[in-house]
There are 2 protein chains.
Amino acid sequence: MDAEAIKLSLEESGLRCTSQRYAVMAFLLEHNQHPTAAEIFAAVNRLDPRSSRATTYNNLRDLVQAGLVREVAAEGRAARFDAKGMRHHHFICDGCGSVEDIEWYDVPKPGSRSLGKRILRECELIFRGRCTRCAPRHDPRKAF
Amino acid sequence: MDAEAIKLSLEESGLRCTSQRYAVMAFLLEHNQHPTAAEIFAAVNRLDPRSSRATTYNNLRDLVQAGLVREVAAEGRAARFDAKGMRHHHFICDGCGSVEDIEWYDVPKPGSRSLGKRILRECELIFRGRCTRCAPRHDPRKAF
DNA sequence: TATCAGATTAGATATAATCTAATTTTTCAT
DNA sequence: ATGAAAAATTAGATTATATCTAATCTGATA
């Protein structure tokens with residue numbers, strides 16, 4: 001996605017394309033490692049334009065509300081973010097906690113009986129196990 | 001699950017059945033609303049035996065490591081916990097953030113091509129939308 | 001150009017989780 | 001039973017993460 005397309009997608013969502021907001025969005029589009037807010041804050045401040053911590057959090061919140069960014073469901077304490085590009089599932093490593101993308105495929109919906117009166121918007125799969133780097137270690141508590 | 005069964009399951013996992021640890025486990029088994037650590041801490045301290053915050057966190061960590069409890073993947077800042085009884089999926093409400101159980105059903109695994117060298121342990125579905133209480137509100141930002 | 005809503009900022013505050021070091025409890029060999 | 005060692009608990013300090021506050025800045029537009 002080029003600069004102009006980012007600008008457009010922000011404005012279509014009713015958000016001004018400020019340089020700080022642009023920087024957050026562009027960083028998320030370039031990095032699909034599900035960075036935390038702190039990582040995004042650090043990355044954005046490595047170059048101009050600078051952005052305060054509050055602004056980084058504000059912009060992340062705005063982008064999530066606008067539907068351009070998603071907050072990834074994972075269990076660490078720091079929220080992780082993801083530009084909503086191609087749909088994908090997630091793989092969370094038991095060993096190192098990293099969150100990786102798994103190619104999207106459709107998932108059977110729950111029956112209307114178990115869904116009840118709830119309104120379903122989307123569903124996503126979370127896989128757990130050991131990532132490529134952590135796979136060889138059988139017990140993470142044993143260093144080697 | 002009765003008191004004796006809880007005691008046994010703790011001891012089978014190599015954990016002593018202390019009164020504080022028992023209280024955490026018993027509370028999780030009685031409440032499937034995915035309480036946060038703070039809620040568990042408060043609940044356990046409403047009755048005897050008392051438990052310090054550190055102990056509550058320690059015991060939650062031990063129970064998770066032992067595989068008796070799971071930390072739920074959700075995006076709030078406070079971790080939520082879940083006694084591993086019957087398997088189930090999760091429904092997270094866009095409106096109020098509550099996490100509800102959805103009856104378990106099997107899910108197709110990803111192809112070995114997209115899995116690569118990763119070792120898969122389990123998978124779980126996360127549904128999003130509006131829970132029964134929040135379903136009527138079409139736009140959460142508009143009060144009514 | 002004046003106005004005003006939206007955006008940004010530094011720093012204070014709030015919230016969640018973990019660490020520390022002292023103490024208590026339990027286990028177990030004797 | 002007794003004492004030593006291991007495990008668990010504790011209060012309070014500390015760290016990590018996120019949000020709030022109030023002042024200032026920016027840019028669109030009347």
Side-chain angles (χ1 to χ4, degrees), chain A residues 6-8 10-27 34-45 47-66 68-81 97 99 141, chain B residues 6-7 10-27 34-45 47-66 68-82 97 99 141:
Chain A
I6 294 175
K7 185 163 183 289
L8 266 174
L10 288 174
E11 283 166 357
E12 272 167 16
S13 304
L15 297 172
R16 284 189 194 161
C17 181
T18 67
S19 50
Q20 289 84 350
R21 191 172 282 151
Y22 175 91
V24 168
M25 191 66 204
F27 181 79
H34 315 88
T36 63
E39 286 164 352
I40 296 165
F41 171 67
V44 162
N45 281 285
L47 338 145
D48 277 334
R50 302 314 181 94
S51 180
S52 76
R53 199 152 32 97
T55 298
T56 304
Y57 278 99
N58 287 345
N59 282 328
L60 282 167
R61 182 202 54 213
D62 296 343
L63 291 167
V64 168
Q65 273 183 4
L68 296 171
V69 166
R70 123 176 40 226
E71 189 181 335
V72 177
E75 60 274 279
R77 26 208 163 312
R80 292 176 171 277
F81 298 89
V99 181
R141 282 162 300 186
Chain B
I6 294 176
K7 185 163 180 291
L10 288 174
E11 283 165 357
E12 273 167 15
S13 305
L15 297 172
R16 286 188 193 161
C17 183
T18 66
S19 51
Q20 290 86 349
R21 189 172 285 151
Y22 175 90
V24 168
M25 192 66 204
F27 180 79
H34 315 88
T36 62
E39 287 163 354
I40 296 166
F41 171 66
V44 162
N45 280 286
L47 339 145
D48 276 334
R50 303 316 181 95
S51 180
S52 76
R53 199 150 32 95
T55 298
T56 304
Y57 277 99
N58 287 346
N59 281 330
L60 282 167
R61 183 202 53 213
D62 295 344
L63 291 167
V64 168
Q65 274 184 3
L68 295 170
V69 166
R70 120 175 43 224
E71 189 180 335
V72 177
E75 60 274 280
R77 306 153 254 342
R80 292 175 172 277
F81 297 88
D82 196 357
V99 181
R141 282 162 300 185

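Order of the sequence lines fixes the chain letters, A, B, ..., with proteins taken first and strands second; residue numbering starts at 1 for each chain.
- Using a 4.0 Å heavy-atom criterion, one finds that A:A38 contacts no nucleic acid atom at all.
- Nucleotide C:dT26 holds its P atom 12 Å from the NZ atom of B:K7, rounded to whole Å.
- Atoms OH (B:Y22) and P (D:dT9) sit 15 Å apart, rounded to a whole Å.
- Annotation: side chain to side chain donor-acceptor pair (under 3.5 Å) contacts of A:S13 (sequence neighbours excluded): none.
- Minimum interatomic distance between A:T56 and A:A37 (heavy atoms only, all atoms of both residues): CG2-O, 4.3 Å.
- Between the OG atom of A:S52 and the CG atom of A:N58 there is a distance of 7.5 Å, given to the nearest 0.5 Å.
- Judged by distance alone, with hydrogens and angles left aside, the side-chain atoms of B:R80 form no donor-acceptor pair with the main-chain N or O of B:V72 at under 3.5 Å.
- Counting only Watson-Crick and G-U wobble pairs whose two key distances fall under 3.5 Å, DNA chain C forms stems of three or more stacked pairs at C:1-30 with D:1-30.
- Rounded to whole Å, the distance from CD on B:E39 to P on C:dA17 is 11 Å.
- When rounded to the nearest whole Å, the span between CD of B:E11 and P of C:dT26 equals 13 Å.
- One distance of note links CG of B:L68 with CE of B:M25; it measures 5.0 Å at 0.5 Å rounding.
- Taking the ring pair (Phe, Tyr, Trp, His ring centres under 6.0 Å) definition, one finds that B:F41 meets it with nothing, sequence neighbours left out.
- Contacts classified as salt bridge (charged side-chain N to carboxylate O under 4.0 Å, His left out) and involving residues 51-62 of chain A (residues at least two apart or in different chains) are given here: A:R21-A:D62.
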Polar atoms only, N or O, under 3.5 Å: list the protein pairs with nucleotides 7-10 of chain C and their distances.
residue	atom	partner	partner atom	Å
C:dA7	OP1	A:R21	NH1	2.9
C:dT8	OP1	A:T18	OG1	2.4
C:dT8	OP1	A:Q20	OE1	3.0
C:dT8	OP2	A:N59	OD1	3.2
C:dT8	OP2	A:N59	ND2	3.3
C:dT8	O3'	A:Q20	NE2	3.2
C:dT9	OP1	A:Q20	NE2	3.4
C:dT9	OP1	A:R50	O	3.2
C:dT9	OP2	A:S52	N	2.7
C:dT9	OP2	A:T55	OG1	3.1

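- Residues forming a side chain to side chain contact (heavy atoms under 4.5 Å, CB included) with A:V64 (at least two apart in sequence, or on another chain): A:V69, A:F81.
- In this model, the phosphate group of C:dA17 is approached by a side-chain N or O of B:Y57 to a distance below 4.0 Å at OP1 or OP2.
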